[in-house]
There are 2 protein chains.
Amino acid sequence: MSLRYALLALLRVGPLSGYELQKQFSLSVGHVWHAPDSQIYPELRKMEAEHLIEGEEQPRGQRATRRVYHVTDAGEQAFLTWMHTPLEYARVRDPAHLRAAYLEAAAPDAARDFFRAHINQWERELAQWEGELLRIDEVANPMLVRRLAVTEPEDRERTIAFKRFTYEGLVDRARGEISWAKRGLRLIDELQHAGSGVRSDPNSAHV
Amino acid sequence: MSLRYALLALLRVGPLSGYELQKQFSLSVGHVWHAPDSQIYPELRKMEAEHLIEGEEQPRGQRATRRVYHVTDAGEQAFLTWMHTPLEYARVRDPAHLRAAYLEAAAPDAARDFFRAHINQWERELAQWEGELLRIDEVANPMLVRRLAVTEPEDRERTIAFKRFTYEGLVDRARGEISWAKRGLRLIDELQHAGSGVRSDPNSAHV
DNA sequence: CAGCACATGTAAGACGTTACATGATTGG
DNA sequence: CCAATCATGTAACGTCTTACATGTGCTG
């Protein structure tokens, strides 16, 4: 259900074709809500069928066309209503912590690989989100620029502040995951030393 | 795909009926991987069809039966193989941060409600996970007890350590979400004061 | 004998993933 | 004229949610 609101959020800044939308999507909202084009195009059609958006066929070159969508009043309403409705949280479903809970079944090296991969995964997300923070501060994100262009001056501060705040939260989360995984690596070392004779060494401080 | 490994992880401690499994599930693995019974029973049947587990019909009272499953060698292998295989991470899909990024479209009070609900949501998760940490320290979780009973003495420390470590990670995450949402509440206050005349007051410190 | 726990599902639909498919336009 | 990019999907499959369905056994 969130996909359509992610799309509405983008379209609210002004008309966009499915293709443009899909491109901008992966550079903005896509950072918090991933969706492939094979999901975006059909969803746009569905939203059009429900009159949340309207598409207009535009000529492109000689033979081709493209469909440019804009938000209807009903769509704007739907977006605002969603904004004022309690969120539905997805149930926990976390493969990394699932595996971590049973790492005693893995060889220490495999456990290390797992944590290294976890670090790697979140380092990449972190880089994305930190990059986005920079682009917010420099007002360099194209969608943010378009957004600000259609925003009342007195609302611009808020608009920027919430985006900044969102990405700060994501950055914090990524750092949390990374530091957890680093502690995991240390834990494996400690357990291995404990296991190989040093058993109850009071100096092998546990976290 | 993770569901079956969550089930295998539980079944590895010894035979369980679908019903017991489902009950224990919600009290242990369910804390990291939610699944309703309507998903568990069919998955068990599928796993049996693939020879990862075997079910045995047991009489219950006069007419009723129950099906008790145990892990086969192939199932044990599958679990260990999964343990040594890189995890597949789900793409980001985070409704809370999606909404946060566009909170300028909501009335301040609605934005506050959103953050309060977020805090509430994660406080509840936090309580769950902290409770589980306690039950780990007191070795009071029934599944952990059964697990330790079939674990070589030299592996017991590792077994407990990884469970503890897992829940510590979850607790950290919950705390992170809560503190983010609390900062969100402060941000709304600041923006509202800034908006109502105090505009460029150098004393309204931003985070 | 009532009510709760035990016990096991099915069915329909939403949502997501992956792979496949196709053609037009534009710039070098 | 060739490659990149513009442009828009379909099809099959797997996962998850929600609601419904049904009956037995035990305990007070």
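In this text, all values refer to a predicted model and were calculated from it rather than measured experimentally. Heavy atoms only: backbone and side chains are in, while hydrogens, waters and symmetry mates are out.
A 4.5 Å side-chain heavy-atom check between B:Pro86 and A:Asp113 finds every atom pair outside the cut-off.
In this structure, B:Arg183 pairs ionically with A:Asp172, as a charged nitrogen and a carboxylate oxygen lie closer than 4.0 Å.
Counting any heavy atom pair closer than 4.0 Å across all strands shown, A:Glu20 reaches no nucleic acid atom. Using a 4.0 Å heavy-atom distance criterion, A:Arg93 is classed as a sugar-phosphate-only contact. Heavy atoms of B:Arg45 sit under 4.0 angstrom from primed sugar atoms or phosphate atoms, though from no base atom.
Minimum atom distance to the side chain of B:Pro42 is reached by C:dT10, of the listed C:dT10, C:dT17, C:dT8. Distance from the side chain of B:Tyr19 is smallest to C:dA5 among C:dT17, D:dT8, C:dA5. Of the candidate nucleotides D:dG25, C:dT8, C:dG16, D:dG25 has the atom nearest to the side chain of B:Gln62. Set against D:dT15, C:dT25, C:dC15, the side chain of A:Gln39 has C:dC15 as its closest nucleotide.
Going from atom CD1 of B:Ile40 over to atom C1' of C:dG9 covers 12 Å, rounded to whole Å. Spacing between atom CZ of B:Arg60 and atom C1' of C:dA5 amounts to 9 Å, rounded to whole angstrom units. Atom CG in B:Asp37 sits about 15 Å away from atom P in D:dC16, given to the nearest Å. Note: CD (B:Glu43) to P (D:dT15) measures 7 Å, nearest angstrom. Between the CZ atom of B:Arg4 and the P atom of D:dT15 there is a distance of 8 Å, rounded to whole Å. One interatomic measurement links the two molecules: OH of A:Tyr41 to C1' of D:dC6, which rounds to 8 Å at whole-angstrom precision. In this entry the distance linking CG of B:Leu16 with P of C:dT8 reads 11 Å, nearest Å. Here C:dC6 presents its C1' atom at 14 Å from CD of B:Gln24, a figure rounded to the nearest Å.
At D:dC6, none of the side-chain N or O atoms of A:Arg66 fall inside 4.0 Å of OP1 or OP2 (strictly under the cut-off).
For C:dT18, its base sits under 3.5 Å from the side chain of A:Ser38 at one donor and acceptor pair at least.
Taken to the nearest 0.5 Å, the CG atom of A:Leu3 stands 10.0 Å off from the NE2 atom of A:His34. Here the straight-line distance linking atom CD of B:Glu157 with atom OG1 of B:Thr151 works out to 13.0 Å at 0.5 Å rounding.
Both B:Arg91 and B:Val68 lie close to DNA chain C; mapped to their nearest nucleotides by heavy-atom distance, the more 5′-ward contact belongs to B:Val68. Toward the 5′ end of DNA chain D lies the nearest nucleotide of A:Lys23, the other residue of the pair A:Lys23 and B:Arg63 mapping further downstream.
Between the side chains of B:Tyr89 and A:His118, at least one donor N or O sits under 3.5 Å from an acceptor N or O.
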